[in-house]
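Notes follow once the structure below has been shown.
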Amino acid sequence: MFLNLLFIASAILTILGAVLVLTTKNIMHSCVFLLTSLIGIAGLYATLGADFVAVTQVMVYVGGVVILMLFAVMLTGGKDFVSKAQNLLGLAPTMGNAFTYVMASFVGVVFILTNIQLIKRLGEFSKLKNNGSFVSTVNELGMLLVKDHILAFEISSVLLLGALVGAAIIARPRKQ
Amino acid sequence: MNQTIVSYLAQYEFFDFLIKIFGENSLLLTTLIFAIAAGVFVAVAATIGGLGTYAERKISADIQMRLGPNRVGPYGLLQFLADGVKMITKEDVMPNSADKFLFYLAPMLCLVGVFATLAVLPISSGFTLVDLNVGVFYLIAISSLVGLGVFLGGYASNSKWSMLGGMRGASQIISYEIPVTLSVLAITLTAGSMSFGNIVSQQEGFITNWFIFHNPFSFLAFFIYFVGAMAETNRAPFDLPEAESELVSGYHTEYTGMRFGFFALAEYIEVFVVSGVAAALFLGGYNLPVHVSIDILPIQFIQVTILVGKALALYYVIIWVRWTFPRLRVDHLMSICWKYLTPIAIFNLIGSAIWMVAFRGQSIVQILGH
Amino acid sequence: MISLASYLIISIILFVIGLMVMIARKNIVAILLGIELILNAAALNFVAYSKFVTNNLDGHIFALFIIVVAAAEAAVGLAIVIRFFQLKETIHIDEATQLRN
């Protein structure tokens, strides 16, 4: 019951936030709505019993990525801060030529067919395997990270180091 | 898996009476208990935050050999209520060119971020709202909403001072989050758990069992945490975002009335929360020096008193520091974080890990005792 | 209420909205916002499948790595945006035509 409430609230937050990201004209507001959407996803993780992933989501996105994006918006503000041609319907006719539309409809058809195939089999998985009881995932995740998934763990650490150094070098103002 | 205040109260007899009224497994009952408990928490925290402003003025007056507020109520104790009434009745001014939506949102984000941390603050073994098994991590994660609020408040006011204050605030808060998280991680490593209840229960007993005296690295971690937490809450000597002498009052320059009050309240409650977390992680938390049964209700209140006492002692130190040290320069602030605190914290984390392996998790007192 | 289908529907809505943001917006930062939405839709799917189908924690690990990659991508992407702004004084995606022809 409580889980259902949390699920509904999180789902509404997620989808509403995402829709507002799309429709808001001010990019600064878009970043804030992205934040609500991401917090909603953290709530959805919580309903799935993924406590560690949920908190990591909040930690990384609220404390890091969204503030970084707001910083980037402010540092690059300038003249096109509030974009004028953000209306999707007004923009649609100018978005490419006939070939684009053919390709897009092809992709759309494939997308829909794939999803129909997927949804057909959903009935098999509608029941929870472990009858919905939650256990702490932290210990098990830690063991998995240093045993089965050690290679991915190391690669991601190298990736983060590379991203750190790369971002610092790229954004550094160069002497003329 | 998660001990909550409801599951604690469920062991008492009056709870059976409530169950008879509301029915077994009632969502309404659980929600009601949580709502009442959360309301009490927020009210107490807001009072502590309000008294914090009073304490700040009184202690600063003491340090500067003045009298401080002494007109409203006995010893001026009701000064914060008078200030609150003044703030509520003030006109709510918004700059013409401000970003309305973000201007309204920013103080709320600060307040929400701070109140959300109260959910896991371990004030006693039974009365903690919820003892999440990722409690420490949750607290660090959700408190970064405050940084976002500061940043958006600075941006939305559309004023140069606010903008500079907000940018300084955000960069400072996300920078100092790193040494704070790393030093908390060292304690997590020592305790082998991320739940506050588990961490505090491992420090049960006399002062030598406190994690601050567990090994040299956790001793260092306490000071890194304390300095970083002071910077994270924008307290002097790290109050660059609201430096009066350069930025008028930083990110809340344009805020008046209760919106300004929300920022101030959020800051004072956050100082209490970080003091409480420092007390719980390093200074033994709510444990009594002697072993007692936690099932007795008065013991719970004694535990609350112990934790709040420790937290208020740290609160005093933070205020004391504010009125003693001069403010840092911005570049010094960043170099302290990135060149000193973060490397020390990383060294500390590795050192803690080596200690835990080399001495099989024994504390320094246990080793010397043999 | 809480079934695999509902999570997949939320995930697909997120994915489509992210794609639309990426296509409709001309601001590079907004395109990065769209990428975040898409990555999160994928991560949500992984966690949902790990709860309902495989019943182990590999999906959680994958979600964690997606979050890590998203953070790294945001950092590097925004650094590129800032550099681009220093060169061109705009962050309109159509101005990024240096490599054309």
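Lettering follows sequence order; numbering is per chain, from 1.
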_Winner by heavy-atom pair count (cut-off under 4.5 Å) against chain C, out of A:Val60, A:Leu159, A:Leu160, A:Leu141_ = A:Leu141

_Residue A:Leu68 versus chain C: region with a heavy atom under 4.5 Å_ = both

*Does any heavy atom of chain A fall under 4.5 Å from the side chain of C:Phe15, the backbone, both, or neither of them?*
side chain

*Among C:Ile28, C:Val69, C:Val21, C:Leu32, single out the residue with the greatest number of heavy-atom pairs under 4.5 Å to chain A.*
C:Val21

_Please classify the contact between A:Phe71 and chain C as side chain, backbone, both or neither, with a heavy-atom cut-off of under 4.5 Å._
neither

*Between chain A and each of C:Asn56, C:Val68, C:Ile80, C:Leu44, count heavy-atom pairs under 4.5 Å; write down the option with the most.*
C:Leu44

*Identify the two heavy atoms, one from A:Val21 and one from A:Ser30, that lie closest to each other, and give their separation to 0.1 Å.*
O-OG, 3.3 Å

_Approximate separation, where rounding is to 0.5 Å, of C:Leu33 CG and C:Ile17 CD1_ = 13.0 Å

*asked:* Quick check on A:Phe153: does its CZ atom have over 12 non-hydrogen neighbours (other residues, nucleotides or ligands) under 6.0 Å away?
replied: no

*Interface moiety of C:Ile12 toward chain A, non-hydrogen atoms closer than 4.5 Å*: side chain

*If you count heavy-atom pairs under 4.5 Å with chain C, which of A:Leu164, A:Leu144, A:Thr56, A:Ile155 comes out on top?*
A:Leu144

_Can you tell me which of C:Val16, C:Leu78, C:Val81 forms the most heavy-atom pairs within a distance under 4.5 Å of chain A?_
C:Leu78

*asked:* Need one label for C:Leu57: side chain, backbone, both or neither, based on atoms under 4.5 Å from any heavy atom in chain A.
replied: both

*When rounded to the nearest 0.5 angstrom, what distance separates CD in C:Gln86 from CD1 in A:Ile170?*
11.5 Å

*asked:* Please rank C:Ile61, C:Val29, C:Asp58 by heavy-atom pairs under 4.5 Å with chain A and give me the top one.
replied: C:Ile61

*Please report the closest heavy-atom contact between C:Leu14 and A:Ser37, naming both atoms and the distance.*
CD2-OG, 3.9 Å

*Looking at C:Ala43, C:Gly77, C:Ala41, C:Ser11, which has the largest count of heavy-atom pairs under 4.5 Å with chain A?*
C:Ala43

*Just do the ring pair (Phe, Tyr, Trp, His ring centres under 6.0 Å) check on C:Phe46 and A:Tyr45 with the steps written out, would you?*
CA-CA 10 Å; C:Phe46 273 114; A:Tyr45 288 151; over 10 Å; no

*Please report the shortest heavy-atom distance between A:Val53 and C:Ala63, naming the atom on each side.*
CG1-CB, 3.9 Å

_Approximate separation, where rounding is to 0.5 Å, of C:Leu19 CG and A:Leu22 CG_ = 10.5 Å

*Using the side-chain contact (heavy atoms from CB on, under 4.5 Å) rule, take A:Phe7 and C:Ser6 through it: C-alpha gap first, then chi angles, then the decisive distance, then the call.*
CA-CA 10 Å; A:Phe7 175 78; C:Ser6 45; 3.6 Å; yes

_As an exercise: rank C:Asn40, C:Val47, C:Ile82 by heavy-atom pairs under 4.5 Å with chain A and give me the winner._
C:Asn40

*asked:* Does any backbone or side-chain atom of A:Val19 lie under 4.5 Å from a heavy atom of chain C? Answer side chain, backbone, both or neither.
replied: both

